[in-house]
Amino acid sequence: NKGSYEHYMQKEIYEQPESLTTTMRGRLIRGGSCKAKSVLLGGLKDHLKTIRRSRRIVFIGCGTSYNAALASRPFLEELSGNIFQLLTGLPVTMEIASDLLDRRGPIYREDTAVFVSQSGETADTLRALEYALENRALCVGITNTVGSAIARNTHCGVHINAGCEIGVASTKAYTSQIVVMAMLALAIGDDTISSRTRRDAIIDGLYDLPNKVREVLKLDQEMKDLAKLLIAEQSLLVFGRGYNYATALEGALKVKEVSLMHSEGILAGEMKHGPLALVDENLPIVVIATHDVCFSKQQSVIQQLHARKGRLIVICSQGDSALVCTGGSCRVVEVPQVEDCLQPVINIIPLQLLAYHLTVLRGHNVDQPRNLAKSVTTE
Ligand code: UD1
Ligand code: F6R
């Protein structure tokens with residue numbers, strides 16, 4: 001039931017304050033006067049010790065689910081420090097399910113393999129799970145579908161509880177997956193004096209995230225106006241780095257799969273190694289430059305794009321317009337600032353809205369893009 005919405009994708013984008021609330025329900029613990037704030041993932045509590053002792057975490061998924069895992073890698077590396085690792089973070093590697101299978105890549109018994117899948121039925125991810133089980137890794141699922149093949153066949157896992165997702169383009173599942181992986185990182189990592197402030201800030205940030213999502217959804221009209229400007233373009237580049245490298249990949253995936261406009265997510269650090277050749281006064285480029293440890297590097301990327309007369313749309317933190325738009329003209333989209341590692345949840349939303357409006361304006365099918373299926377059950 002679409003209720004008052006025209007399309008499922010629109011409904012699911014708008015549902016995110018509620019879907020994130022259900023994802024976190026019962027899993028965040030405020031802590032009392034002398035007790036620390038913490039997280040409780042019922043599905044993992046008996047396996048945490050094994051995960052902490054493992055040699056690495058390897059994420060496996062496809063499409064948007066892979067991107068969600070990529071968004072989570074930096075904070076998992078940061079927060080997963082525990083006594084078994086002498087308090088340094090666990091190594092985290094990334095595998096696209098089909099590529100892992102093509103290579104029969106190394107998966108070891110000492111690995112924790114985390115399978116991320118909204119449907120829990122994606123054939124490539126499921127085959128990769130069988131392969132990891134054969135190699136005797138600990139297999140953890142992060143799925144949205146109770147009773148799905150991946151939920152059933154993993155040793156343990158977490159349901160993201162985002163509610164049924166109908167639009168072929170994944171939106172609310174993506175943000176809930178990131179939030180689950182943030183809780184996973186907090187659960188794996190030890191609560192030490194040195195990490196306490198950071199952990200508390202992330203937990204407070206999680207509590208407040210639905211409100212911040214409500215705020216960023218107010219950009220709807222602004223993104224519709226932007227879509228009107230871009231309606232006839234052939235291509236759109238999206239530059240990101242650090243916590244928001246995944247946002248660039250995921251934003252571009254949304255644009256291409258529903259609006260049928262070519263779009264490419266680019267790691268900003270790779271700009272000079274090729275993509276810079278594409279830049280001219282015609283090609284629209286989205287640059288994600290919200291406030292985090294990479295901010296000054298992104299400022300210098302923006303300056304170099306300006307020097308090539310790039311047509312820029314910059315996503316930045318509220319109040320940062322003047323800092324990102326020096327030395328050239330650009331369109332700025334200001335988003336609310338949250339704890340840096342949770343910022344990908346906020347930053348993807350204007351791009352989801354842009355993809356949605358571009359599709360409607362270009363007259364394509366939003367909920368059933370041509371050639372695509374919600375659940376890819378063949379390899
Ligand atoms: C569970 C209940 C929830 C209840 C809560 C109360 C289910 C599905 N969930 O939630 O209704 O409110 O306890 O404490 O009954 N699992 C996998 N692979 C996956 C996903 C999950 O093996 O990909 C396993 C988990 O290890 C766990 C079970 O499925 O054993 C349920 O997972 P989850 O729903 O995340 O657990 P809780 O949040 O504790
Ligand atoms: C993109 C999209 C696909 C899926 C991919 C994996 O919007 O929906 O890229 O993310 O097919 O699907 P799941 O998560 O069901 O394994």
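In this text, all values refer to a predicted model and were calculated from it rather than measured experimentally. Each ligand, and each atom within it, is numbered from 1 in the order the structure gives.
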### Query
More than 12 heavy atoms of other residues, nucleotides or ligands under 6.0 Å from CZ of R136: is that the case?
no
### Closest protein heavy atom to atom 36 (O) of ligand 1, given as residue, atom name and distance to 0.1 Å
G43 N, 3.9 Å
### Query
More than 12 non-hydrogen atoms from neighbouring residues, nucleotides or ligands closer than 6.0 Å to CZ on R103, yes or no?
yes
## Note on the structure
In ligand 2, the atoms that come under 4.0 Å of a heavy atom of S65 are 10 (O), 13 (P), 14 (O)
#### Entry: Atom of S54, atom of L90 and distance for their closest heavy-atom approach
O-CD2, 3.2 Å
### Message
Using a 4.0 Å cut-off to any heavy atom of Q118, which atoms of ligand 2 qualify?
### Response
13 (P), 14 (O), 15 (O), 16 (O)
## Note on the structure
Of C156, A149, G42, the one whose closest heavy atom lies nearest atom 17 (C) of ligand 1 is C156
### Message
Nearest non-hydrogen contact with atom 28 (C) of ligand 1 belongs to which option: H47, R27, H155, H159?
### Response
H159
### Message
For atom 16 (N) of ligand 1, what is the closest protein heavy atom, and at what distance to 0.1 Å?
### Response
G157 N, 3.5 Å
### Task
Taking atom NZ of K256 as the centre, report whether more than 12 heavy atoms of other residues, nucleotides or ligands fall under 6.0 Å from it.
yes
### Query
Strictly under 4.0 Å, does any heavy atom of C62 approach an atom of ligand 2?
yes
### Task
Compute the minimum heavy-atom distance from V168 to ligand 2 and say whether it is under 4.0 Å.
yes
